[in-house]
Amino acid sequence: MASDKNPQAQQPAPARKAPEPPPPEEGIPPWMATFADMVTLLLCFFVLLLSFTTQDIKNFKILMGAIQESMGVQKDEMVTNIPYAQTKLTFEDRKAENRQLVEIGVRLKEYIRAKDLTKTARVSNEKSGVMFRVSNSALFPKGSAELNRSEAERILGGVIEVLQEREAYNCVIRGHTDGERPTSGVFRSNWELSAARAAACLRWIVEHSGLDPDRLKAVGYASAKPILPSTTEANRRINRRVDFFILPDNYRTW
């Protein structure tokens with residue numbers, strides 16, 4: 001009788017709905033990424049092996065010889081093929097060369113003080129040589145490559161004395177301008193003006209020294225290598241210059 005009174009108690013409970021599976025991950029499967037990494041590493045490994053098997057033995061020996069020589073490694077054996085190197089200076093040779101460059105710098109600084117050129121010239125020791133820097137206004141009128149001969153004798157005499165005392169040194173004469181277009185009408189560009197000024201200095205040195213012209217070189221840089229940005233007249237005045245770079249004759253860029 002109780003079951004007749006509660007018919008709902010006899011009905012079975014509804015089944016639970018199974019959870020939905022997670023959405024598939026985007027991109028390639030993880031195993032495929034690992035496989036691709038392994039294949040790439042194997043490819044690199046075999047390329048490396050191939051490079052070892054096809055190297056030029058002759059060039060490798062030359063390279064190793066140059067490296068050993070620069071590091072001071074010596075062998076007590078007969079050598080029939082000497083590896084090529086630009087310079088073969090020993091450590092002692094380099095010390096002696098650096099000492100001579102310092103002496104040249106001191107010599108030029110003494111010359112500047114003796115000739116009262118402290119306002120127009122300065123000297124600095126660079127990595128591979130000595131820089132003797134002269135303001136254009138002391139050597140040339142504005143926009144001209146006509147050398148002021150009275151000042152040339154007073155200024156360029158220091159360069160001549162150093163080159164006569166040091167026969168193993170050369171000089172590169174570099175003309176520089178400030179970037180403003182020449183107004184004289186003789187030169188159409190700063191390249192021509194800077195090169196002509198450098199050549200004028202070279203010609204004067206050769207004519208008044210008896211030095212071998214092969215020890216000198218004239219180069220025009222125009223405004224390509226300023227000391228300061230040419231934004232003010234004071235900066236442009238500094239950029240207008242002639243540099244006399246004295247360096248050893250065995251230097252590779254001479």
Side-chain angles (χ1 to χ4, degrees), residues 62-74 79 81-115 117-118 120-136 139 152-176 194-195 197-222 224-227 241-254:
I62 292 175
L63 177 62
M64 288 301 299
I67 294 175
Q68 290 177 351
E69 183 180 0
S70 64
M71 298 178 66
V73 179
Q74 299 180 355
V79 179
N81 184 18
I82 301 176
Y84 174 78
Q86 293 285 3
T87 58
K88 297 182 179 180
L89 298 178
T90 64
F91 178 72
E92 293 299 326
D93 292 333
R94 293 187 184 278
K95 283 179 60 177
E97 183 179 281
N98 291 336
R99 183 167 57 251
Q100 291 184 27
L101 289 175
V102 172
E103 292 174 358
I104 291 174
V106 172
R107 178 76 171 82
L108 287 173
K109 290 177 181 178
E110 292 175 349
Y111 183 88
I112 288 176
R113 287 193 294 268
K115 297 294 183 178
L117 298 172
T118 54
T120 59
R122 62 184 296 270
V123 177
S124 61
N125 283 81
E126 308 291 334
K127 181 179 180 180
S128 56
V130 179
M131 183 72 73
F132 181 60
R133 181 161 289 159
V134 182
S135 173
N136 270 344
L139 293 172
E153 184 175 359
R154 194 164 67 100
I155 296 173
L156 303 184
V159 178
I160 292 175
E161 290 181 7
V162 168
L163 293 178
Q164 288 176 337
E165 295 169 359
R166 312 276 181 167
E167 296 183 358
Y169 286 79
N170 298 330
C171 181
V172 181
I173 306 171
R174 303 169 177 173
H176 300 270
S194 61
R197 285 175 169 173
C201 292
L202 185 151
R203 186 185 307 111
W204 194 95
I205 291 175
V206 171
E207 291 175 352
H208 292 79
S209 66
L211 292 170
D212 185 354
D214 291 339
R215 296 178 59 195
L216 297 128
K217 182 187 295 184
V219 184
Y221 283 103
K225 294 190 175 182
I227 299 175
R241 67 194 190 278
V242 180
D243 292 339
F244 299 86
F245 190 56
I246 301 172
L247 71 168
D249 58 2
N250 58 8
Y251 194 65
R252 62 182 180 273
T253 59
W254 159 247

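- Here the straight-line distance linking atom CG of L163 with atom CD1 of I205 works out to 7.0 Å at 0.5 Å rounding.
- Pairing each heavy atom of A198 with each of G175, the nearest pair is CB-N, 3.8 Å.
- The shortest heavy-atom contact between N136 and R197 is ND2-NH1, 2.9 Å.
- For R154 (side chain) and K115 (main-chain N/O), a donor-acceptor pair under 3.5 Å exists by modelled atom type.
- When all heavy atoms of I160 and H208 are compared, the pair lying nearest together is CD1-O, 4.2 Å.
- In this structure, Y221 and H176 have parallel ring planes: the angle between them is below the 30° cut-off, well short of the 60° mark.
- Atom-to-atom distance recorded for T120:OG1 and I155:CD1 is 4.5 Å, nearest 0.5 angstrom.
- Side-chain atoms of R215 come within 3.5 Å of backbone atoms of Y169 as a donor-acceptor pair (strictly under, hydrogens ignored).
- Side-chain atoms of D243 never come within 3.5 Å of backbone atoms of M131 as a donor-acceptor pair (strictly under, hydrogens ignored).
- Distance check: S194 OG to I173 CD1 gives 13.0 Å after rounding to the nearest 0.5 Å.
- Put simply, CZ on R107 and CD on Q100 are 14.5 Å apart, with the number rounded to the nearest 0.5 Å.
- Minimum heavy-atom separation, C201 to V242: SG-CG1, 4.2 Å.
- The OG1 atom of T118 sits 13.5 Å away from the NZ atom of K109 when rounded to the nearest 0.5 Å.
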### Query
Where do L108 and I246 land on the side chain to side chain contact (heavy atoms under 4.5 Å, CB included) test, with the steps shown first?
CA-CA 11 Å; L108 287 173; I246 301 172; 4.0 Å; yes

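- Residue-environment remark: CD (E167) stays at or below the threshold of 12 foreign heavy atoms within 6.0 Å.
- Minimum heavy-atom separation, P248 to L101: CD-CD2, 4.4 Å.
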### Query
Can C171 and F132 be said to form a side chain to side chain contact (heavy atoms under 4.5 Å, CB included), step by step?
CA-CA 10 Å; C171 181; F132 181 60; over 6 Å; no

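- For the residue pair S128/E126, the side-chain donor-acceptor check at 3.5 Å is not satisfied.
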### Query
Going through the checks in order, is the side chain to side chain contact (heavy atoms under 4.5 Å, CB included) test met by R174 and K225?
CA-CA 10 Å; R174 303 169 177 173; K225 294 190 175 182; 5.6 Å; no

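- Distance check, rounded to the nearest 0.5 Å: CD of E161 to CG of L156 gives 11.5 Å.
- Nearest heavy-atom pair across L211 and Q164 is CD2-CG, 3.9 Å.
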